[in-house]
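Single-structure report; data block below.
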Amino acid sequence: MYAAVDLGSNSFRLSIGRHDGETIRVLKSVREPIRLAAGLDANGDLTETAKQAALSCLVNFRVALAAYRFDAVRVVATSAMRVARNGQAFLPELEQAIGHPIEIISGEEEGRLIYMGVASSLAAPKERRLVVDIGGGSTELILGRGLDIERVESFSVGTVKQSLSFFAGGRIDAVSFEHAILSARSHFEDAAPPYHPHNWSQAYGSSGTIRTLADVIAKNGLGDGKLTPAGLDALKKRFIEFGNVSRIDMPGLRADRAGTIIGGLAILIGLMAELGIAELAPVEAGLRMGVMWDLYLRSMHRDRRDESVRMLASRFHVDEERATRVADAAAMLYTQLKPADDSLVRLLYWSAWMHEVGMVVSQTGAHKHGAYMVENADLPGFTAGEQKAMSRLILAQKGNLRKLGGALSDPDFAKAVLALRFAILLMHARIELAPGQLRLRMKSRIDIEAARDLLAEHPTISYWIEKEQEWWDEAGTDLVVKPI
């Protein structure tokens, strides 16, 4: 049993599903039109009204979730929370309301999860396809073959802003539509070539906006359910005839969606024109289905974050043998230090694997280069928070500890730093530890018990331990060495 919660820019959605053989069957789905992107003020902050609506919705979602027992729950926030200046500050309140951690995911990660959801619902393992998702705050384009993603991009144009910007007061006319379409095209024109039809055989639309447009076109005799330039143009003319959003009355279109669907229509017309798409097939899958598949794959130890780490390390010519030695040693030493929980275990392992990526820039300050690269790299599967934590660990691998600020006040993070630094020390000294040769403890101080033969056979290790004593002393923690 899995639950996926999508805190979108237009709507908040909850899906509950069960893995059933080769599929995930959706048992319950809830949608609340929060319009978070419309709740951004002139300074880019979420207003109190928008925040209260969001909190109220998540309290209701928490009640719905409490009725089930889950293997995993994942809550993701998209464009509006990415751009809101007070989004990070508001996050703890949202997490308290729903009772689960919330991840603000990048546009690229959003696109990958969308594609995963779409690909899982299609029975065409070798099909080359384009997936289009038009959300409230952003639009994602994903190119892939079967389950494999080849290219993903996120564009900062969505239904809410487009509707508010070009159809002020709900007024609909030909000039406004033309300006909205040209604006949409301008977002895609530079990036268009890789997504032209010669690079794929079928195009799919995965968002609620696209499915609604297809439904309205079919139910009003403007097309057959597939989206074509002719059908979209016919719908545009029908909207113009109404003259105002408040007067739109068409089968298939709920009143609460009319205000943003016009912006979505303008984006889709512009996108299809710019990319040369003749036909787009709506599909009943997307972000939430992708989130549930991602949770399932993680439970089966097929975590795509492993692949992301290996790919980044390979791209920057990291020595795999050295990376593995450091990662294994760091994991072993961290276990000795007995962290309060396992939340940093995998992040430490991946950080150790990537600790030398900065060498591709320069040996001098490689840890600083590596930290920047890992925090800002496109790492599929990782959240921004996870990448920031790994970046801090990589930065902490050598030198003074003052650069970490107050991060060492977290006991488990301090233990992870200690484990990584000693793992790297052992790798540089070419030491293969035998059982019982080195023991670490960290409470109010750091206690290191090292076998006498280890210190005798590797004289440089005593020097490096002395340097560690200096660094940790500067950071306010005593480090005591005892030969055994």
Side-chain angles (χ1 to χ4, degrees), residues 1-33 64 74 76 78 110-125 127 129-136 138-144 146-147 149 152 158-159 200-220 222-228 231-232 235 251-254 256-257 260-261 264-265 267-268 271-272 277 279-297:
M1 287 281 291
Y2 302 100
V5 181
D6 165 19
L7 309 186
S9 302
N10 193 34
S11 301
F12 284 10
R13 296 172 181 265
L14 160 67
S15 288
I16 294 170
R18 182 193 300 276
H19 185 258
D20 185 10
E22 296 300 313
T23 66
I24 290 180
R25 183 163 51 90
V26 176
L27 306 178
K28 184 181 181 68
S29 188
V30 181
R31 171 184 175 271
E32 291 288 342
R74 188 178 181 191
V76 298
T78 58
E110 184 179 353
R112 289 188 185 89
L113 291 168
I114 288 165
Y115 187 88
M116 185 182 292
V118 172
S120 69
S121 69
L122 301 173
E127 179 183 69
R129 61 177 69 104
L130 171 69
V131 175
V132 176
D133 189 282
I134 300 174
S138 64
T139 295
E140 280 68 47
L141 298 179
I142 314 102
L143 195 66
L147 295 174
I149 296 170
V152 57
T159 63
W200 45 265
S201 59
Q202 180 65 53
Y204 297 93
S206 65
S207 62
T209 292
I210 290 174
R211 291 191 293 270
T212 298
L213 289 171
D215 198 35
V216 174
I217 287 172
K219 289 182 176 178
N220 289 272
L222 304 175
D224 60 0
K226 288 190 177 179
L227 293 162
T228 64
L232 294 173
L235 182 57
L253 181 59
R254 297 195 309 268
D256 70 312
R257 297 214 67 163
T260 56
I261 205 70
L265 175 59
I267 294 169
L268 188 55
L271 188 152
M272 290 181 71
I277 301 173
E279 186 178 278
L280 192 71
V283 60
E284 286 284 343
L287 178 60
R288 292 176 311 287
M289 182 59 73
V291 168
M292 288 191 286
W293 270 108
D294 194 44
L295 290 173
Y296 169 74
L297 292 173

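From a predicted model like this one, the values you see are computed outputs, not experimental measurements.
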Applying side-chain hydrogen bond (donor to acceptor under 3.5 Å, both in side chains), run through Asp133 and Ser206 and close with a yes or a no. CA-CA 5 Å; Asp133 189 282; Ser206 65; 2.7 Å; yes
So among Arg112, Met116, Met289, which one has a side chain to side chain contact (heavy atoms under 4.5 Å, CB included) with Asp294? Met116
Single hit among Val283, Leu122, Leu143 for side chain to side chain contact (heavy atoms under 4.5 Å, CB included) with Arg129: Leu122
Using a 4.5 Å cut-off on heavy atoms from C-beta on, say whether the side chain of [Y] contacts that of [X].
| X | Y | value |
| --- | --- | --- |
| Leu213 | Leu265 | yes |
| Leu141 | Leu271 | yes |
| Ser9 | Thr78 | yes |
| Trp200 | Val131 | no |

Look up atom [atom1] in [X] and atom [atom2] in [Y], then write down how far apart they are to the nearest 0.5 Å.
| X | Y | atom1 | atom2 | answer |
| --- | --- | --- | --- | --- |
| Leu268 | Ile134 | CG | CD1 | 4.5 Å |
| Leu232 | Leu280 | CG | CG | 8.5 Å |
| Leu113 | Arg74 | CG | CZ | 5.5 Å |
| Leu14 | Arg288 | CG | CZ | 8.5 Å |
| Ile217 | Thr228 | CD1 | OG1 | 6.5 Å |

Give the intermediate values and the outcome of side-chain hydrogen bond (donor to acceptor under 3.5 Å, both in side chains) for residues Arg257 and Thr212. CA-CA 9 Å; Arg257 297 214 67 163; Thr212 298; 3.1 Å; yes
For residues [X] and [Y], report the shortest heavy-atom separation together with the two atoms involved.
| X | Y | answer |
| --- | --- | --- |
| Met292 | Ala3 | CG-C, 4.4 Å |
| Phe12 | Gly8 | CE1-O, 3.5 Å |
| Val26 | Ser29 | CG1-CB, 4.4 Å |
| Gly117 | Ser120 | O-OG, 2.8 Å |

Go through the steps for Glu127 and Tyr204 under the test side-chain hydrogen bond (donor to acceptor under 3.5 Å, both in side chains), then give the verdict. CA-CA 12 Å; Glu127 179 183 69; Tyr204 297 93; 2.9 Å; yes
Which word best sums up how the rings of Tyr296 and Tyr2 line up, parallel for under 30°, tilted for 30 to 60°, or perpendicular for over 60°? perpendicular
Neighbour count >12 (heavy atoms, 6.0 Å) for atom CZ, Arg18: no
The test is side-chain contact (heavy atoms from CB on, under 4.5 Å); show your working for Arg13 and Val30 and say whether it passes. CA-CA 6 Å; Arg13 296 172 181 265; Val30 181; over 6 Å; no
Hey, mind stepping through Leu287 and Tyr115 against side-chain contact (heavy atoms from CB on, under 4.5 Å) and telling me if it holds? CA-CA 8 Å; Leu287 178 60; Tyr115 187 88; over 6 Å; no
Between the side chains of Asp215 and Lys219, is the shortest nitrogen-to-carboxylate-oxygen separation below 4.0 Å, so that they form an ion pair? yes
So, Asp20 and Arg25, do they make that salt bridge, N to O below 4.0 Å? yes
